[in-house]
Amino acid sequence: MISKDEKIKIASWLLDPGRRRPPRGSLEALERKVKSHGLDKVYRKIELPLAPVLRDIEAVGFKVNLAYLGKISKELKEKINTSEKKIYKSTKQEFNLNSPAQLSEILFKKLKINSGNLRRTKTGLISTNEETLQLIKNRHPVIKLILEYRTLFKLKSTYTDPLLKMADDKGRVHTTFLQTGTATGRLSSRNPNLQNIPASGDWAKKIRRAFVADRGYSLVSFDYSQMELRILAALSRDRNLMAAFKNGKDIHSITAARIFGVPLGKVTKNMRRIAKTLNFGMNYGMGANAFSRVAGVSVKEAREFIKKHFEYFSSVKEWQEKIINQARALGYVENKNGRRRLLPDINSQKQRSRAEAERAAINMPIQGLNADIIKLAMVRVAKELKKRGWWRKQARLLLTIHDELLFEIKDPLIKKASKIIRDIMENIYKLDVPLKVDEKTGGNWGMLK
DNA sequence: CGCATACGCGCC
DNA sequence: AAACGGCGCGTTTGCG
């Protein structure tokens, strides 16, 4: 079922998930240590039963429409060629467009585009990353062309072409899940990574349309709605955050109303957008500078927003401080189930390293509990579907993406299976905030409704 | 030649 | 002066 080596890997990882070092020690010794560190439940109830489930997902694979994917790849190739020519015409020189160093040289030395206040990379060149280019896109016509080129090239080199190569003879791609690769307890996916397939924008839709259900099946996705914020609400027991979820209200609009001091009905799209960024940033300790950049407000305004935000969610602030203090005292953080992450830099003399460790500290209990919950749901769903003889046949688990499960389900069974899956997901872990799952169905991954 | 970095960027 | 929680990967570049 699961090999000794795998058990050793998992046990070692649970004991120190932050570091990458080869597992050491006998299984017996490791398991004793797992137990004495309060990790036995995570080990036996989550990770060990999850391993065979992951192997089943990998073996099943995700069907890809190769003819269609080939068409997209060709289309991208043509667009990339045209884009390249336009850029060289604009810069009056050919260079390697995929080299940030060469691009930086062309933009800021040759074309002398004003570069005051722009970010530099650690090697001293002016950055050409998207955020920087967005700031200067009106300073020269070539900038927009480069942004467009980057998008197209990324899609072709990272997605369409590798996927075409990796599909098996049935047109299915088989990812590998790393169960012991992350510091927080999450899974990761590689060769190919199916957890970072483009999700938003026109091209993203196009690419996702290439991921299809087998004949007679449909894809059904189950998404935990606002999972991390719900977990934060439950862990911090913040009244305002909890109340928003218990009432089933739109959390970002409520936040906006509070911060801007307007009635719910007067919340504009922009107010909601800012509140959403604040809520999102709260989970990983976003500061005023980062917030000002992301939200497009001044640093001074950003500071005000963050202050107001934490005045409203004051228990969240208190909870975060408590976690950081615990981490300082113990040298590690742990989530509700005892999953832990060592934080050697939490008392570092270097302010930068210390701040990083503090942000990791407040995020890990949330991200790590999220991981536990979806893993538990996967194990239970697999068990339930096996009991009915549907597992890997009428109802196949294709993918897990942090707060989402994607299935391929035989059409006549969709209703019945979906109810089972959703009920398990929503009830697998009791928090003082309800867990909500959004469900979508369709013939391919780009057109789920 | 292979390998490690830097950079940039896709996802949650 | 930037950076902001967690990942994997393509390309470039420098090195042995």
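Throughout, a chain's letter reflects where its sequence line sits, starting with A, and its residues are numbered from 1.
- Residue Thr182(A) places none of its side-chain N or O atoms closer than 4.0 Å to OP1 or OP2 of dG6(C).
- For the P atoms, the distance from dA3(C) to dC7(B) is 11 Å, rounded to whole Å.
- No side-chain donor from either of Ser115(A) and Arg139(A) sits under 3.5 Å from a side-chain acceptor of the other.
- If you take CE of Met227(A) and C1' of dG6(C), they are 15 Å apart, rounded to a whole angstrom.
- Across all strands shown, Leu178(A) has heavy atoms under 4.0 Å from sugar-phosphate atoms exclusively, and none from any base.
- Under the ring-ring contact (aromatic ring centres under 6.0 Å, His included) criterion, Phe260(A) pairs with Phe305(A), not counting sequence neighbours.
- Between Ser99(A) and the phosphate of dT13(C), there is a side-chain N or O to OP1/OP2 separation shorter than 4.0 Å.
- Rounded to the nearest Å, the gap between the P atom of dG8(C) and that of dA4(B) is 16 Å.
- Partners of Phe407(A) by ring-ring contact (aromatic ring centres under 6.0 Å, His included), not counting sequence neighbours, listed by chain and number: Phe222(A).
- Residue pairs meeting the salt bridge (charged side-chain N to carboxylate O under 4.0 Å, His left out) criterion with at least one partner in residues 54-79 of chain A, sequence neighbours excluded, are Glu6(A)-Arg55(A), Asp56(A)-Arg392(A), Lys63(A)-Asp214(A), Glu75(A)-Lys206(A).
- Nucleotide dC7(C) forms a pair with dG10(B), judged by Watson-Crick or G-U wobble geometry with both contacts under 3.5 Å.
- Between the CG atom of Leu343(A) and the C1' atom of dG5(C) there is a distance of 12 Å, given to the nearest Å.
- Both distances falling under 3.5 Å, in either a Watson-Crick or a G-U wobble arrangement, place dT13(C) opposite dA4(B).
- Nucleic acid contact class of Phe153(A) (heavy atoms, under 4.0 Å, all strands): sugar-phosphate only.
- Spacing between atom CZ of Phe291(A) and atom P of dG5(C) amounts to 17 Å, rounded to whole angstrom units.
- Rounded to whole Å, the separation between the P atoms of dA2(C) and dG8(B) comes to 13 Å.
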Just do the salt bridge (charged side-chain N to carboxylate O under 4.0 Å, His left out) check on Asp250(A) and Arg272(A) with the steps written out, would you?
CA-CA 10 Å; Asp250(A) 173 27; Arg272(A) 188 180 180 279; 2.8 Å; yes
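- As a whole-Å value, the separation of Gln102(A) CD from dG8(B) P is 14 Å.
- Within residues 48-59 of chain A, no residue has any heavy atom under 4.0 Å from DNA chain B.
- Of the side-chain N and O atoms in Asn363(A), none sit less than 4.0 angstrom from OP1 or OP2 of dG6(C).
- Here Tyr429(A) pairs with nothing under the ring-ring contact (aromatic ring centres under 6.0 Å, His included) rule; sequence neighbours left out.
- Considering only side-chain N and O atoms, Ser189(A) lies nowhere under 4.0 angstrom from the phosphate OP1 or OP2 of dC7(C).
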Identify all pairs in which a protein N or O lies below 3.5 Å from an N or O of nucleotides 1-6 of chain B, and state each distance.
none

Could you tabulate the donor-acceptor pairs under 3.5 Å formed by side-chain atoms of residues 431-444 of chain A, not counting sequence neighbours?
residue: Asp432(A); atom: OD2; partner: Arg237(A); partner atom: NH1; Å: 2.6
residue: Lys436(A); atom: NZ; partner: Asp438(A); partner atom: OD1; Å: 3.3
residue: Glu439(A); atom: OE1; partner: Arg422(A); partner atom: NE; Å: 3.2
residue: Glu439(A); atom: OE1; partner: Arg422(A); partner atom: NH2; Å: 3.1
residue: Glu439(A); atom: OE2; partner: Ser418(A); partner atom: OG; Å: 3.4
residue: Asn444(A); atom: OD1; partner: Gly446(A); partner atom: N; Å: 2.8
residue: Asn444(A); atom: OD1; partner: Met447(A); partner atom: N; Å: 3.0

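- For the residue pair Asn129(A)/Thr132(A), the side-chain donor-acceptor check at 3.5 Å is satisfied.
- Each of Asn191(A) and Arg359(A) was matched to the nucleotide of DNA chain C holding its nearest heavy atom; the match closer to the 5' end belongs to Arg359(A).
- Here Phe313(A) pairs with His309(A) under the ring-ring contact (aromatic ring centres under 6.0 Å, His included) rule; sequence neighbours left out.
- Between Leu194(A) atom CG and dG8(C) atom P there is a gap of 13 Å when expressed in whole angstrom units.
- Comparing the C1' positions of dG6(C) and dC3(B) gives an interatomic distance of 26 Å, to the nearest angstrom.
- Side-chain contact check for Lys137(A) and Gln134(A): at least one donor-acceptor pair (N or O, by modelled atom type) lies under 3.5 Å.
- Contact between Leu39(A) and Gly338(A) at its shortest, heavy atoms only, is CD2-O, 3.1 Å.
- Atom-to-atom, CD of Gln351(A) to C1' of dA1(C) comes out at 13 Å; the value is rounded to the nearest Å.
- Among residue pairs with one or both ends in residues 297-310 of chain A, those qualifying as salt bridge (charged side-chain N to carboxylate O under 4.0 Å, His left out) are Lys307(A)-Glu311(A); sequence neighbours excluded.
- What separates CG of Leu125(A) from P of dA2(C) is a distance of 13 Å, to the nearest Å.
- Geometrically, Arg340(A) engages Tyr332(A) in a cation-pi contact, judged by NZ or CZ lying under 6.0 Å from the ring centre and within 45° of the ring axis.
- The pair Lys7(A)-Glu47(A) does not meet the salt-bridge criterion, since no charged nitrogen lies less than 4.0 angstrom from a carboxylate oxygen.
- Contact annotation: Arg119(A) reaches the phosphate of dA3(C) (side-chain N/O to OP1 or OP2, under 4.0 Å).
- For Ser200(A), there are no side chain to side chain contact (heavy atoms under 4.5 Å, CB included) partners at least two apart in sequence or on another chain.
- Rounded to an integer number of Å, the gap from CZ of Arg120(A) to P of dC7(B) is 13 Å.
- Among the heavy atoms of the strands, none lies under 4.0 Å from Asn283(A).
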Tabulate protein N/O versus nucleotide N/O from nucleotides 9-12 of chain B, keeping only pairs under 3.5 Å, one per line.
residue: dC9(B); atom: OP1; partner: Arg150(A); partner atom: NH1; Å: 3.0
residue: dC9(B); atom: OP2; partner: Glu130(A); partner atom: N; Å: 2.7
residue: dC9(B); atom: O2; partner: Lys154(A); partner atom: NZ; Å: 2.8
residue: dG10(B); atom: O4'; partner: Tyr159(A); partner atom: OH; Å: 3.2
residue: dG10(B); atom: N2; partner: Asn196(A); partner atom: ND2; Å: 3.2
residue: dG10(B); atom: N3; partner: Asn196(A); partner atom: ND2; Å: 2.9
residue: dC11(B); atom: OP1; partner: Ala199(A); partner atom: N; Å: 2.7
residue: dC11(B); atom: OP1; partner: Ser200(A); partner atom: N; Å: 3.3
residue: dC12(B); atom: O3'; partner: Ile401(A); partner atom: O; Å: 3.4
residue: dC12(B); atom: O3'; partner: Asp403(A); partner atom: OD1; Å: 2.7
residue: dC12(B); atom: O3'; partner: Asp403(A); partner atom: OD2; Å: 3.2
residue: dC12(B); atom: O2; partner: Arg186(A); partner atom: NH1; Å: 2.9
residue: dC12(B); atom: O2; partner: Arg186(A); partner atom: NH2; Å: 2.8

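- No donor-acceptor contact under 3.5 angstrom links the side chains of Asn191(A) and Thr176(A), judged on distance only.
- Within residues 308-336 of chain A, no residue has a heavy atom under 4.0 Å from DNA chain B.
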